[in-house]
Number of protein chains: 4
Amino acid sequence: MRGRTRAAEAPPWVPFEDRRRARDEKREAVLRMAVKMFLDEGYHRTTLNEVAARLNITKPALYNYFGSKEDILIECYRLGQEMFETSFAEIESESGSGIDKLRRLITAYAHVMMQDFGMCLVRLDDRELAAEARANVRAAKRNYDMAFRTYVARGISDGSIVPCDPKLATLTITGALNWIGHWYRPDGALPAATIADEFAVRLTQGLATR
Amino acid sequence: MRGRTRAAEAPPWVPFEDRRRARDEKREAVLRMAVKMFLDEGYHRTTLNEVAARLNITKPALYNYFGSKEDILIECYRLGQEMFETSFAEIESESGSGIDKLRRLITAYAHVMMQDFGMCLVRLDDRELAAEARANVRAAKRNYDMAFRTYVARGISDGSIVPCDPKLATLTITGALNWIGHWYRPDGALPAATIADEFAVRLTQGLATR
Amino acid sequence: MRGRTRAAEAPPWVPFEDRRRARDEKREAVLRMAVKMFLDEGYHRTTLNEVAARLNITKPALYNYFGSKEDILIECYRLGQEMFETSFAEIESESGSGIDKLRRLITAYAHVMMQDFGMCLVRLDDRELAAEARANVRAAKRNYDMAFRTYVARGISDGSIVPCDPKLATLTITGALNWIGHWYRPDGALPAATIADEFAVRLTQGLATR
Amino acid sequence: MRGRTRAAEAPPWVPFEDRRRARDEKREAVLRMAVKMFLDEGYHRTTLNEVAARLNITKPALYNYFGSKEDILIECYRLGQEMFETSFAEIESESGSGIDKLRRLITAYAHVMMQDFGMCLVRLDDRELAAEARANVRAAKRNYDMAFRTYVARGISDGSIVPCDPKLATLTITGALNWIGHWYRPDGALPAATIADEFAVRLTQGLATR
DNA sequence: TATGAATGAGCTTTCATTCAT
DNA sequence: AATGAATGAAAGCTCATTCAT
């Protein structure tokens, strides 16, 4: 009865749509809470009980949104990877010399590294993941490294970067960038944009021709 | 014959000394195995049972050498800290311009970071430690950062380093260095000395005046 | 039909109430089983596994009702103390001469001492408890002793008890009473009421004036 | 050779005797320390390590004197029983009316109950013992109870004690006496002799004819 | 006789996960 | 969709006891 009355008042797909949206919002809320707690306390020391409690729900309710604790972790990684990959794709689609693109890549990478899901990739331990998911994550990380290396190599080719070993050059750059995830505090003295821009300058200082 | 001769030559406390030495050696063996496994598998996923099994002893035997799992972890950190601090003290005692000492610090830090106990400080999670030990470790880490910052500042003063913000300059250097602990493989293509020397050059390229 | 009728009659919170009641009942069942086993076998020798097994549940299920083994013990003591204190309060609120109240106290104390939770106070070892809980229990025990001593002193004042040292007089009385917890068997030859009444007579025989 | 020389100097059994005496003394020292700690901390919470440490020896050394922890406990009980039985035998061998002997028994029992080995029988848990030793201890305890009951009955027969139920009369007496083991402190305000004498008076006050 | 080292057995506690409702 | 309750699996730690020396 009630259902019909409602259906008459509004397009029939609205409740479903609403319901799905509500569901998605809750799922996201779980994810945002979980990532914060994973980063704060570590994956192992974060119990699902505590995650649920902070969301004012109970532990089994989480299983409506995720199949397992590991699934939550996988999703954290996935969202982080998405952020990286979106940034990277945009840079790749643009034109510019090797050094230009390298600088843009550094800036973009730094920005992602200062967000919860982005820093997951360096702060959380991918050995928590089962083989498949772990392989996936590691492949992604390697790809990001390769992106840096590719731009360095391109810069050497097009003369915008001084001749050097792209592998070693990249290792210092990505190291400095990844470490951001370990010290950055959103409420700290340094704003994210400053950090990102400074790093782009500093990390390419020795590489640029001129 | 030899036995007798020895007995005549050696002081009577030898057996005790032997025992103590054997004990110390075993303690160290535990530690070396533990640190390897902590680094390989993570602290949480490494069970004392497995550590013991790999040493061909049983779990409770470990308690002859360490009071708790956490004590083993603390000792790993302590040995790492010792390595850093020994290196640092030597550099501090030498003379040289700011940039010189910074370079030596980078080389030394990189070397320690490529050894098991040294990389503990960045690979293991100090949140596993109870309050006191954790505070200790974090203070040590801060000190190391300060050492870098101090040399940069000194270099700016003595004109060997270009004027810049020591804090930001240091963040890229220590980031790149700390990250070594996450990618270095003793059996990899790059020898430790190469990495250390290259990093010293690269990470100061943009800082040196001339 | 019946379902509906019931639903109409009963308030909607009944299921919740039911659940809570069920929960409380189970908690009590745990407690009753635990106290029996603690008394039978001793606290240390009673494992949570055995407690759980006798209740046809598993060990971790116990942790739904109690935070730790010690918490169960604390609760046993608390229930025992409650029984003593309820009895005592009632006697205190009544009127009567010192010897009258002493006799009533003896009877009441004996009765509590012949019940599981009551005899906990003398049969279980309060050194199993952590400092705070132990202090609490010991204070309670001292209070009970003081109640006896107070009534003896009062009886001496009002002339219903012959002059004597209240401390020593009390020590024989409470000793005899506390020991009940060590020999009383519910299925033994002597009914609880007989014991309580006899003790009230016997233990005051030498004290009453006339 | 050396043996002979020695044998010539002194009776051959002396060293053996000495050695045995030394051994016995050590055994006793273990026992005295153990009983103190069992009483102080409880049998379970007293570890052999701690016993050994307090004697400035090591844990396995204890096994030279006792076959197991339980053996130590058994010996504590045995020594306590000996004390009781010696006292009892002496009283039994004397003459006197029922009430006289009952009073002497109370005094003697109280005295034993105020000594370490004596109070073992009521302070330590005989369920720690394996079946045989436990049966032995329990039989002894029953015997002591029976001694009291016998003297009460004898007193009723010879007219020195008023007619009453010997079982119930005895329960108050032995209860008060056994409880001494739970509150007596050697360094307390009441001297042992006072306690023993007072108890003898008080606990028979209601029983004596005249 | 005494020791350091090792062991086996056992216990409490934790936690992700499942299930009936 | 959500809950309370329960579970299996596992981990760290303790301790009496044994053994080679």
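Small disclaimer: the values here were computed from a predicted structure and weren't measured. A, B, ... follow the sequence lines: proteins, then strands. Residue 1 opens every chain.
When each of C:K59 and D:Y43 is assigned the nucleotide of DNA chain F with its nearest heavy atom, C:K59 is the one assigned upstream, toward the 5' end. Positionally, the nearest nucleotide of DNA chain F for A:Y65 lies more toward the 5' end than for the other of A:Y65 and D:L48. DNA chain E is contacted by both D:N56 and A:S68; D:N56 maps to the nucleotide lying nearer its 5′ end (nearest heavy atom per residue).
When each of F:dA2, F:dG8, E:dT18 is scored by its nearest atom to the side-chain atoms of C:P60, the top-ranked nucleotide is F:dG8. Listed nucleotides E:dT14, F:dG4, F:dA6 differ in distance to C:Y63; the shortest reach to its side chain belongs to E:dT14. Relative to the side chain of D:T47, the nucleotides F:dC15, E:dT7, F:dA1 differ in distance, and F:dC15 lies closest. Here the side chain of D:R23 is nearest to one of F:dA2, F:dG12, E:dT1, namely E:dT1. In the set F:dT7, F:dT3, E:dT7, the nucleotide with an atom closest to the side chain of A:T58 is F:dT3.
Distance alone, capped at 3.5 Å, places no donor-acceptor pair between the B:R123 side chain and the B:D116 backbone.
Between the side chain of A:K69 and the base of E:dT17, no donor-acceptor pair under 3.5 Å is found.
Looking at A:D126 and A:R138, a side-chain N of the basic residue comes within less than 4.0 Å of a carboxylate O on the acidic one, giving a salt bridge.
The nucleotide E:dT13 finds its pairing partner in F:dA10, both defining distances of the Watson-Crick or G-U wobble pair being shorter than 3.5 Å.
Checking C:E128 against D:H44 by side-chain atom types alone, no donor-acceptor pair falls below 3.5 Å.
Put simply, NZ on D:K26 and CG on D:L31 are 15.5 Å apart, with the number rounded to the nearest 0.5 Å.
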